[in-house]
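These notes concern the structure reproduced below.
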Amino acid sequence: MVLADLGKRITSAVSELAHSNVVDEKVFDGMLKEICSALIEADVNVKLVSGLRKSIKHAVNFKELPPAANKKRLIQKAVFDELVKLVDPHNEPFKPKKGRSNVIMFVGLQGSGKTTTCTKLARHYQARGFKACLVCADTFRAGAFDQLKQNATKAKIPYFGSYTETDPVKVAREGVDKFKKEKFDIIIVDTSGRHQQEKELFAEMVQIQQAVKPDQTIMVLDASIGQAAEAQSKAFKESADFGAIIITKTDGHAAGGGAISAVAATRTPIVFIGTGEHMLDLERFAPQPFVSKLLGMGDMQGLVEH
Amino acid sequence: AFGFFRNIVGGKTLTKADLEKAMTAMQEHLSKKNVAREAAVQVTESVEKSLIGQKTGSFQSIEATVKAAVEASLRKILTPTNSLDLLREIQTKRSGSSKRPYVISIVGVNGVGKSTNLSKICFFLLQNKFKVLIAACDTFRSGAVEQLRVHARNLKELSEREGGVVELYEKGYGKDAANIAKDAVAFGEAEGFDVVLIDTAGRRHNDQRLMSSLEKFAKFAEPDKILMVGEALVGTDSVQQARNFNAAFGNARTLDGFIISKCDTVGDMIGTLISMVFATGIPVVFLGTGQNYQDLRTLNIAWAVKLLMS
Ligand SMILES: Nc1nc2c(ncn2[C@@H]2O[C@H](COP(=O)(O)OP(=O)(O)OP(=O)(O)O)[C@@H](O)[C@H]2O)c(=O)[nH]1
Ligand SMILES: Nc1nc2c(ncn2[C@@H]2O[C@H](COP(=O)(O)OP(=O)(O)OP(=O)(O)O)[C@@H](O)[C@H]2O)c(=O)[nH]1
Ligand SMILES: [Mg+2]
Ligand SMILES: [Mg+2]
């Protein structure tokens with residue numbers, strides 16, 4: 001994610017204000033306008049940006065500020081808080097435990113990176129001493145099972161799938177039951193890509209979920225997604241109630257604002273980010289350092305504690 | 001959606017100040033439709049320019065004027081200077097003296113729908129009784145070859161009765177894509193295929209190494225058409241994707257068209273269409289509207305503009 005550009009613009013908008021001699025309402029509005037433009041350019045949802053503008057205005061409450069107040073500091077803090085709020089849902093993601101079966105189901109739009117990421121995640125847990133495996137419940141996409149199989153083989157992770165069965169619910173159930181019996185700690189279920197406009201595909205997702213009863217459902221989102229992110233992620237949330245988000249392709253050029261909007265719209269934490277096409281290209285995610293990075297930080301870090 | 005026109009009063013000459021609010025609102029409207037900000041700003045600025053100095057008539061006529069100006073601007077972006085009739089071009093080439101098949105390669109970033117839309121194009125060509133060779137030149141992504149094998153098998157079944165012929169040319173994984181492409185075209189020529197459709201691996205447009213290999217690829221495969229798949233879901237990045245791919249084939253070669261995929265997943269937020277064409281001037285050849293073989297459309301500009309203005 002090239003957050004640098006967005007971060008630079010926000011930081012410079014804020015510091016421009018910090019360096020101006022008079023901080024009046026006009027300067028304040030100018031800064032807000034610049035921040036909002038930068039956010040929209042980064043694909044943050046347009047409505048969300050209007051909301052953010054209002055929240056910052058409300059938090060600073062310029063008209064009521066006592067003359068002695070440290071305006072600059074107040075404004076900086078308000079901007080920072082609102083940005084953190086955008087990516088920090090204050091919801092703790094599920095943490096798998098060893099010695100029991102933890103079922104994790106992947107859902108998401110077509111081509112977002114589910115199949116690639118589920119092997120990355122299995123490998124991540126495997127490297128940390130979990131007994132991990134993969135179930136291919138995508139019976140729709142051409143070559144889906146081969147894709148998962150080849151990845152799993154490369155990573156030396158046991159897998160389950162079928163070339164002939166066309167019902168993903170059945171394959172998912174069989175695979176999960178089998179691996180549960182074999183006492184796997186982490187059972188990851190890959191599913192087909194889908195979108196909210198196709199009701200049947202959503203119904204199928206719910207059926208798979210009912211069949212495998214996942215401890216955690218993860219929505220995978222492409223970092224380059226634009227304004228459709230909010231509606232799609234909300235719809236997935238309503239149907240599948242996913243408890244975590246993974247953002248993929250952050251090695252691309254996109255600023256990732258669409259994915260951030262999905263976090264805000266669903267109050268769901270990002271747990272990992274995908275940083276490339278290879279097996280090891282997966283990183284843990286934490287919101288505060290993310291915003292710090294976003295803002296080119298350092299000088300604003302101190303504000304978090306206040 | 002256009003409540004902002006209330007500020008404009010009738011019977012006066014419009015100034016920049018009069019239009020400021022309307023233009024900001026219009027920019028926001030286009031942003032909501034997933035038009036990249038850069039494109040949205042340019043569209044509204046050109047509209048503003050065309051309206052400053054105009055005398056306002058009744059309230060209604062102003063609203064109509066502004067909307068019409070934006071509509072015209074969007075229509076202008078989407079209207080190609082010369083339209084591509086793929087079937088005619090293939091026929092012309094095949095009836096010429098050269099035995100070389102008509103070569104189309106499909107490029108784009110990861111996961112946008114290259115292989116799927118290649119298969120849809122193949123279906124379309126098979127319906128028109130062409131003999132099509134699919135070349136599996138994504139030698140990197142797991143399952144890429146098997147994916148095309150399944151499509152080739154399905155398409156064969158679907159078209160056998162109608163007389164279309166389709167085959168897969170593949171050399172497995174790990175090998176150089178440009179070489180395979182070249183060999184596939186030679187094979188297609190020897191075997192009398194009408195069209196060779198070349199699938200390529202997805203690549204980030206900011207990955208120097210992978211992008212620079214496209215130049216060699218184009219040199220080796222000598223495609224008649226290079227089509228880029230861009231997906232309707234993508235936001236601002238669409239502009240840079242389009243620009244970088246358009247510039248990747250060396251000085252003498254550009255993209256020939258876009259396939260905008262996943263249009264069925266974005267409702268009326270089809271701004272990517274505008275962003276990619278705005279960035280390059282390269283026309284949209286097809287829209288992907290679903291995951292099945294028949295889900296391929298040509299662009300209806302009136303439809304697109306109507307959705308964008310709704
Ligand atoms: N650059 C980059 N590419 C990625 C990343 N994650 C996945 N990809 C690529 O994105 C493309 C699509 O990934 P898949 O894993 O097939 O996506 P999917 O969500 O399973 O797709 P469907 O099953 O068809 O819905 C592939 O080319 C992957 O190599 C990432 O973090 N960075
Ligand atoms: N809804 C919808 N899905 C599409 C469309 N086109 C492709 N897809 C889906 O998008 C996913 C990715 O498609 P692929 O054709 O594998 O994409 P690709 O660009 O070849 O991917 P890589 O080779 O991994 O870079 C698949 O699940 C397709 O079914 C479309 O027009 N609409
Ligand atoms: Mg998949
Ligand atoms: Mg492909």
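Chain letters run A, B, ... following the sequence lines, proteins first, then strands; residues in each count from 1. Computation of the quantities below employed the complete heavy-atom set of this structure, encompassing side-chain atoms and omitting hydrogens, waters and symmetry-equivalent molecules.
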Counting heavy-atom pairs under 4.5 Å with chain A, the top scorer among B:Q241, B:E38, B:R153, B:Q291 is B:Q291
Leading residue by heavy atom contact count with chain A [cutoff under 4.5 Å; candidates B:V150, B:V109, B:N154, B:N34]
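Sorted descending by pairs with chain A, the first entry is B:N34.
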Flag the pair [X] / [Y] as yes when at least one side-chain heavy-atom distance between them is below 4.5 Å, and no otherwise.
X      : Y      : answer
B:V266 : B:L233 : yes
B:R141 : B:Y173 : no
A:L39  : A:I10  : yes
B:E48  : B:K16  : yes
A:I246 : A:F106 : yes
A:Q197 : B:D264 : no
A:K57  : A:F28  : yes
A:T191 : A:M105 : yes

Taking side chain as everything from C-beta outward and backbone as N, CA, C, O, which of these in [X] sits under 4.5 Å from a heavy atom of chain B? Side chain, backbone, both or neither.
X      : answer
A:T115 : neither
A:E41  : both
A:Q196 : neither
A:L201 : side chain
A:K154 : side chain

On a heavy-atom basis, which atom in B:A40 and which in B:L30 lie closest, and how many Å separate them?
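Smallest interatomic distance, heavy atoms only, reads CB-CB, 3.9 Å.
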Using every non-hydrogen atom in the two residues, find where B:A184 and B:Y169 come nearest and quote the distance to one decimal.
CB-CD2, 3.5 Å
Can a donor-acceptor pair be found between the side chains of [X] and [Y] at a distance below 3.5 Å?
X      : Y      : result
A:H195 : A:Q232 : no
B:S142 : A:K149 : no
B:N244 : B:H205 : yes

Calculate, to the nearest 0.5 Å, the distance between atoms CD1 and CG belonging to B:I134 and B:L197 respectively.
6.0 Å
Nearest-0.5 Å distance that lies between atom CZ in A:F236 and atom CE in A:M219:
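The CZ atom of A:F236 sits 4.5 Å away from the CE atom of A:M219.
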Checking ring pair (Phe, Tyr, Trp, His ring centres under 6.0 Å) for the pair B:Y293/B:F124: CA distance, chi angles, key distance, verdict?
CA-CA 8 Å; B:Y293 298 121; B:F124 167 66; over 10 Å; no
Would you mind checking which part of [X] comes under 4.5 Å of any heavy atom in chain A, side chain (CB onward), backbone (N, CA, C, O), both or neither?
X      : result
B:K32  : both
B:N292 : side chain
B:Q27  : neither

What are the residues of residues 270-280 of chain B, in order of number, with any heavy atom under 4.5 angstrom from a heavy atom of chain A?
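Interface residues of residues 270-280 of chain B: none, nothing closer than 4.5 Å to chain A.
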Is any residue of residues 111-123 of chain B within less than 4.5 Å of chain A by heavy atoms, and which ones?
B:G111
Per-pair distances, 0.1 Å, donor-acceptor, side chain in residues 139-148 of chain A, under 3.5 Å, sequence neighbours excluded:
from   : atom 1 : to     : atom 2 : distance (Å)
A:T139 : OG1    : A:T166 : O      : 2.9
A:R141 : NH2    : B:Q147 : OE1    : 3.4
A:D146 : OD1    : A:Y163 : OH     : 2.6

Within residues 116-123 of chain A, which residues come under 4.5 Å of chain B, heavy atom to heavy atom?
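Not one residue of residues 116-123 of chain A has a heavy atom under 4.5 Å from chain B.
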Please say whether more than 12 non-hydrogen atoms of neighbouring residues, nucleotides or ligands are located less than 6.0 Å from CD in B:Q127.
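Buried by this count: over 12 neighbours within 6.0 Å.
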Please determine, among A:A231, A:G111, A:S224, A:A228, the option with the most heavy-atom pairs under 4.5 Å with chain B.
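Looking at each option in turn, the highest pair count goes to A:S224.
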